[in-house]
Amino acid sequence: MEERYPFETIEPKWQKYWTDHGVFKVDTAVHEKKYYCLTMFPYPSGTMHVGHGRNYIIGDAVTRYKMARGFRVLSPMGWDAFGLPAENAAKQRGVHPKEWTYSNIKQMKRQLQSWGIGYDWDREIATCHPDYYKWTQWVFLKLHERGLAYQKNAPVNWCEYCTTLANEEVLADGTCERCGRKVVKKDLTQWFFKITEYAGRLLDDLSLLDKWPEKVRTMQGNWIGRSEGARIEFTIAETGDPCPVFTTRPDTIYGVTFMALAPEHPLVGKLLADNPHAATIRAFVETQKMVSAAERTDDTTKKEGVFTGFHVRNPYNGERAPLWITNYVLMEYGTGAVMAVPAHDQRDFDFAKTYNLPIKVVIQNPDTPIDAASMQAAYVDDGVMVNSAPFDGRGNREAMHDMIRYAKEHAFGEFTTHYRIRDWLISRQRYWGAPIPIVHCPDCGAVPVPETQLPVLLPDDVDFKTERGNPLSYHEEFVQTVCPKCGKPARRETDTLAQWLCSCWYYLRYVNPRLTTEAYKKEDVDYWLPVDQYIGGIEHAVLHLLYSRFILKVLHDAGTCSFREPFGALFTQGMICKRSEKDGQLHKMSKSKGNVVSPDELIREYGADTVRLYTLFIGPPEKDAEWNEAAVEGAFRFLRRIWRRVYETRAILLASKGLKPDLTKMETPERDLYRKLHESVAKITHDLEGAFQFNTAVAQIMELVNSVDALKLTGHSSDQSKAVYRETMESLVILISPFAPHIAEELWMELGHPPGILAAPWPEVNRSALARDEIEIAIQLCGKIRSRETIPTRLSPTEVEAYVLALESVKTMLKGLTVRKVVVVPGKLVNVVAT
RNA sequence: GGGCGAGUGGUGAAAUUGGCAGACACGCAAGACUUAGGAUCUUGUGCCGCAAGGCUUGGGGGUUCAAGUCCCCCCUCGCCCACCA
């Protein structure tokens, strides 16, 4: 052992040891205690910065802690390897996407290892590997089989760079989530998954996820967006065509004064025939189609519309109301038609004011009556129904149910639930993805490739230089095939699967990563899943995490697994930011902002343990944090200090191996240290056991080391001093091992143990060590602190009161006052209320 | 507009059920040891004040013996959803 802390030699040494001894290997068999700790696998984009590291360091701390608690921990890692940047690299630099991806994987794997993250690398997967995507294609077939995969010609979100996008990938400002370009609508025939069919279950089962952050559940709830209401069958008065609406406010239906259609509504075409207003209508509809969704739904966009010349008939009262086409109604939600009630909906009110349409009050404010002629805004609160024939006089909320039932009895309406979520668009017009296993036959249509013919291999030899869209569609050998059903010549589907699908089921594959006959074994996944702890970034709250839940439910319904949710507990860590030199602002680390911190350099300078310790100490892990170079130094100094303590006292430590701490024989200094040790064990265990408070756990270790220094140990110290010191140092090394595993392994050996600290049991709290004879409490006068006193802990609250009131200092304090009340908080304070 | 979360020293931050605000660390200051080092150790460090003492958790009210924590109003910031019928 050397005096200097030689992180650069011990770190590679222990990394090699973990690999050579298969410390993180786990077999799939049933164990007494299992734990599946999963960190979201990365996209292999190149090299990682310290911000990426937080994710893996947290996962590793959990893995190592659970192992020390005696769990068999499944801790796998892999690569979300299909996707756009690889293809762009190919276009720009002439490197094959496969080559680019695998070389990045190599880089990033080296980085993960240099951080000392423990994975069972025998289970490594890459979604771009045929042995993996074969089963991604199988997942597609399962959905197809169950009628959940379908093609439709639909306007899709189109980014000229990233091609087709799912709704979830379009940001609120109408730009592409990945590249920031403007997204436009484009008509294409595409493959969709019917996630809408699972909307109700995906929403309801959120309540099962009690170990998920509230925030993520809320976000998914918002995204799914359930609203309860009614479908009411209006009809076009002149033609008798049905024109149903969805409404959440059927109680306002007697106040309908016009009907508003979306410009894309299918009725619009029909209404144009022989219509004197045709030219105006057509012009309006065409203008609206040019406006992007983001612009149209912008708050500041003025409400506009055009009268069709037609009317609708309100089935409740037979009234005729003019039919308008407007820019504020969306075809994507409800039926694309809105019964407009200006008196009780602000949007309808605004529109009615603009075009001078009538306003009819049907919900009266019971406090200050409103009147259509003078109202300045829609009245959207509850009240008493008026002008509503049979329902007059009733409370609107209370009457709502009866109103829908009335519609149902008269066969012009029913209760319905609408969801905001749209079907999931999974087609991508790109090369670097899993080919959709479909063959288009002129006779049989879209035929799924039989499971026995999987995988549909992605050819290597394609021309990436093409500017004509998907390179795959120009690869004749790939495209030309025969129909699996009739054997006639047919064309392969050339769209590939969105990369999201690959990452929707990878957590299952880790259990049986090399299985060639199935995607996974039911009995194995039923044992290991749901994942006990999933760790990743909040940015996946509605994409990956929602898609995965959906796919798992489908796989469950297909009978391939017994559980209903993939991830039992979820932890979302905050981002690490750094002030950018360019603009002085805090940003998440990125190359374009020029604020990335490379772990490679830091590891060279301070070692991986320092980087890990600092990353965990930086702040609460769920919150964003600012990287501070100077504070890294502090973490390094702390580790070096521990190293030096062991080095300086090594002879004493080794000589006292047989000594046992004995509470009855301890003097105060060792008694205090012994108590601090066990307080620390309790605190750190609590922080790691689900609380995920690594920052305070590290702080507690620092406190413990400060206490160790307070016990000035020498060769002449008593046996109890030595015994307590040794136990403290041993426990300390174990307690720090999830955070700084390399130094922990090395010191564990220096303390005279065989190598392999993960085999050492986590320290247990000795309750009697926590006891103390005296305690310092605060003395308050009317809630204000006046002094502090040390009192015996054996006193009951009544005795404490008497004891404190008898103290000279307290008597002085109370001179001339009358005691009204005394509040004793055991172990904390005594508050004397006196006047 | 709706929902969720946050606001504490120079900085990152602590604070089971309401119970000693600022643990731990960074930074800073002073000192010790040293043939100057970005090493180590000691001490100090919320603010005002020479001091006694007073003030202090975004602002203002309230409940309580006691409020960072609970209630009401307001301000600021972040995130999600949003002409959703």
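Just so we're clear, the structure is a prediction, and the values are computed from it rather than from any experiment. Letters A, B, ... mirror the listed sequences (proteins, then strands); counts begin at 1. Quick note: numbers below take in every heavy atom, side chains included, and nothing from hydrogens, waters or symmetry partners.
- At the heavy-atom level, Arg640(A) lies under 4.0 Å from the strands shown only through sugar-phosphate atoms.
- Here Arg637(A) reaches the OP1 or OP2 of G27(B): one of its side-chain N or O atoms lies under 4.0 Å away.
- OP1 and OP2 of C4(B) both lie 4.0 Å or more from every side-chain N or O belonging to Asn222(A).
- Under the salt bridge (Lys or Arg N to Asp or Glu O under 4.0 Å) criterion, the residue pairs touching residues 609-631 of chain A are Asp60(A)-Arg612(A), Arg579(A)-Glu626(A), with sequence neighbours excluded.
- Of all nucleotides listed (A13(B), C79(B), C81(B)), C81(B) comes nearest to the side chain of Trp223(A).
- Between C84(B) and Arg347(A), a contact under 4.0 Å exists linking OP1 or OP2 to a side-chain N or O.
- Position along RNA chain B of the nearest nucleotide to Tyr614(A) versus Ile777(A) favours Tyr614(A) as the more 5'-ward residue.
- Salt bridge Arg217(A)/Glu214(A): present, at least one basic N to carboxylate O contact under 4.0 Å.
- Looking at which nucleotide of RNA chain B each of Gln780(A) and Asn628(A) is closest to, the 5′-most match is held by Gln780(A).
- Straight-line distance between the P atoms of C80(B) and U16(B): roughly 29 Å, to the nearest whole Å.
- For Arg641(A), taking side-chain heavy atoms from C-beta onward, the closest of the listed nucleotides G19(B), A25(B), C24(B) is A25(B).
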Kindly indicate, with the supporting measurements, whether the criterion side-chain contact (heavy atoms from CB on, under 4.5 Å) is fulfilled by Val705(A) and Arg641(A). CA-CA 9 Å; Val705(A) 173; Arg641(A) 190 169 148 212; 3.8 Å; yes
